[in-house]
Amino acid sequence: MNGRWARLSNPRRKVMHGTRSAVHQLSSHRSQLVPFAGADVSPDSVDAIVVPTSRRTDQLSSAVRLAGDRKCALLVLCSKQASISDVAQLAKRHGVRLVPVDVDRMPATVLPSFRTDEMLTETKFGRDTDLSLKRNLALVFSLLAGWQRIVFLDDDIVVPDPVDIGRAAALLSRFPAVGLGLDGFPDNSVVCHANRAVGREQATFIGGGAMAVAVSRMSSFFPNVYNEDWFFLVGERRSRKYGVVGRAVQAPYDPFRASDRARSEEFGDCLAEGLYALLDTGKYGQLHLSEEYWAEFLMARQALIQQILSSVGDLPEAREVR
């Protein structure tokens, strides 16, 4: 461990001039959003729905139906279990214009390397996923294709009212990105799921799972780190807010099933929660590069996790669940 990280990780180090810390993780970042009622927004056209997937084709049925209803292209970026030929058959049955990409067979040089990714490669903070790659590919393809309004949609999310896609696209005239309100199972990190499970307040935020993007108005990218969509929204500067309209339903999953999931998320979750705490308190430009701030936030994060662990024993669930 080098000297800088040793200083940041020293729990006895006095920060913020030795005063009692006001730094902590916030339960909600909704102050960064401008909500709209669906009835107040007239839908507009969508150029494409973009789905990054690594699962079986039956997971794409909802996205295919949405593309058919909105009469737009469907860009599907496939890897692992996802089969381009199966996706093509499904799209053909529904009369959907499909643009399939086999990411596993794509040359590594299609996109330039990012310094953020290079910093984390071969460290314990590196992530062996291709979600950020797929979303970045979608941005590049959209620019080349001349698409102005795209909607990112994960394969485990359903949009009950297809018109909500058009409503989100319509708001892109006012915002560079617009999220659909997430309903159904909450989509959070393991730590935030645990925070909710022990009875503490915990909200969700918009994200790449259901988000319309004005391609030419966004200059940022998706780094290969957990919460990549939050960093995409922060971008190079953060003087703007984002819209939210409609409803998207997240399929249920067990956030505690994979034993290493929390560990793999922690680096990105710390960075994202720390940045958005600054955004919510209006201190982003003052403290986002401050070692003192991050030292104190890491201690606050550790205290939060310890509080959650201390509360788990009081839950009524069976011991193995706890």
Side-chain angles (χ1 to χ4, degrees), residues 1-5 8-9 50-55 75-82 101-144 150 152-155 176-177 187-192 205-209 211 213 215-238 258 260-279 284 288-291 293-294 297-298 301:
M1 181 180 294
N2 63 33
R4 170 175 293 184
W5 290 109
L8 292 182
S9 62
V50 176
V51 184
T53 184
S54 59
R55 289 181 274 204
L75 173 60
V76 181
L77 300 114
C78 301
S79 65
K80 300 178 182 177
Q81 298 181 47
V101 178
D102 189 339
V103 176
D104 286 337
R105 297 186 179 183
M106 186 188 66
T109 55
V110 168
L111 286 183
S113 60
F114 296 106
R115 282 185 293 171
T116 50
D117 297 348
E118 293 171 354
M119 288 172 64
L120 301 179
T121 302
E122 306 301 330
T123 75
K124 60 184 177 182
F125 301 121
R127 280 173 62 84
D128 185 23
T129 68
D130 61 8
L131 179 58
S132 296
L133 170 66
K134 289 173 178 174
R135 287 178 173 163
N136 288 326
L137 279 170
L139 293 174
V140 173
F141 188 94
S142 298
L143 285 170
L144 294 174
I150 65 173
F152 284 103
L153 191 70
D154 281 355
D155 60 11
D187 190 20
N188 289 115
S189 66
V190 173
V191 168
C192 291
F205 194 61
I206 65 171
M211 181 170 67
V213 172
V215 178
S216 61
R217 295 177 61 193
M218 292 294 290
S219 58
S220 55
F221 67 101
F222 296 93
N224 188 22
V225 62
Y226 181 71
N227 278 328
E228 75 289 333
D229 42 5
W230 288 26
F231 298 117
F232 174 74
L233 292 174
V234 171
E236 299 168 358
R237 54 186 172 82
R238 182 60 186 192
D260 63 341
R261 180 168 182 163
R263 184 183 298 276
S264 70
E265 292 176 348
E266 188 63 8
F267 178 69
D269 211 29
C270 278
L271 283 178
E273 291 288 358
L275 283 175
Y276 276 75
L278 290 174
L279 294 170
Y284 176 73
H288 71 289
L289 297 180
S290 164
E291 287 190 10
Y293 169 76
W294 286 104
F297 183 82
L298 287 174
R301 173 78 174 196

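Keep in mind that this is a model prediction, so the values were computed, not measured.
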Exercise. Would you call Leu279 and Val234 a side-chain contact if the rule is heavy atoms closer than 4.5 Å?
Worked result: yes

Exercise. Under a 4.5 Å cut-off applied to non-hydrogen side-chain atoms, are Arg135 and Phe232 in contact?
Worked result: no

How long is the gap from [atom1] on [X] to [atom2] on [Y], to the nearest 0.5 Å?
X: Arg127; Y: Tyr226; atom1: CZ; atom2: OH; result: 8.0 Å
X: Cys78; Y: Lys80; atom1: SG; atom2: NZ; result: 13.0 Å
X: Asn227; Y: Cys270; atom1: CG; atom2: SG; result: 10.5 Å
X: Leu271; Y: Leu298; atom1: CG; atom2: CG; result: 8.5 Å
X: Tyr293; Y: Leu278; atom1: OH; atom2: CG; result: 3.5 Å
X: Leu153; Y: Thr53; atom1: CG; atom2: OG1; result: 10.5 Å

For this session: Considering only NZ, NE, NH1 and NH2 on the basic side and carboxylate oxygens on the acidic side, decide whether Arg55 and Asp154 come within less than 4.0 Å.
Result: no

Exercise. Any chance CZ of Arg217 has more than 12 other-residue heavy atoms, nucleotides or ligands included, within less than 6.0 Å?
Worked result: yes

For this session: Give a yes or no on this: more than 12 heavy atoms of other residues, nucleotides or ligands lie within 6.0 Å of atom CE of Met119.
Result: no

Testing the basics here: between [X] and [Y], what is the closest heavy-atom pair and its distance to 0.1 Å?
X: Trp230; Y: Ala272; result: CE3-CB, 3.4 Å
X: Leu131; Y: Pro52; result: CD1-CG, 3.7 Å
X: Pro223; Y: Ser132; result: O-OG, 2.7 Å
X: Val103; Y: Leu77; result: CG2-CB, 4.0 Å
X: Leu275; Y: Trp294; result: N-CH2, 3.6 Å

Exercise. Got a donor-acceptor contact below 3.5 angstrom from the Asp229 side chain to the Gly208 backbone?
Worked result: yes

For this session: Give a yes or no answer on whether the side chain of Glu265 reaches the backbone of Val190 with a donor-acceptor pair at less than 3.5 Å.
Result: yes

Exercise. Salt bridge (charged side-chain N to carboxylate O under 4.0 Å, His left out): which pairs involve residues 266-275, sequence neighbours left out?
Worked result: Glu266-Arg301, Asp269-Arg301

For this session: Fit a plane to each ring of His288 and Tyr284, take the angle between them on a 0 to 90° scale, and name the class: parallel (under 30°), tilted (30 to 60°) or perpendicular (over 60°).
Result: parallel

Hey, can you pull the donor-acceptor pairs under 3.5 Å for the side chains in residues 105-117, sequence neighbours left out?
| unit_1 | atom_1 | unit_2 | atom_2 | d |
| --- | --- | --- | --- | --- |
| Ser113 | OG | Glu118 | OE2 | 2.7 |
| Asp117 | OD1 | Asn224 | N | 3.1 |

Exercise. Is the distance between the ring centroids of Phe222 and Phe152 under 6.0 Å?
Worked result: yes

For this session: Check whether the side chains of Lys134 and Ser54 place a donor and an acceptor atom closer than 3.5 Å, and report yes or no.
Result: no

For this session: Begin with the C-alpha distance, continue with both residues' side-chain angles, and end with the deciding distance and a verdict on side-chain contact (heavy atoms from CB on, under 4.5 Å) for Ile206 and Leu233.
Result: CA-CA 10 Å; Ile206 65 171; Leu233 292 174; 4.0 Å; yes

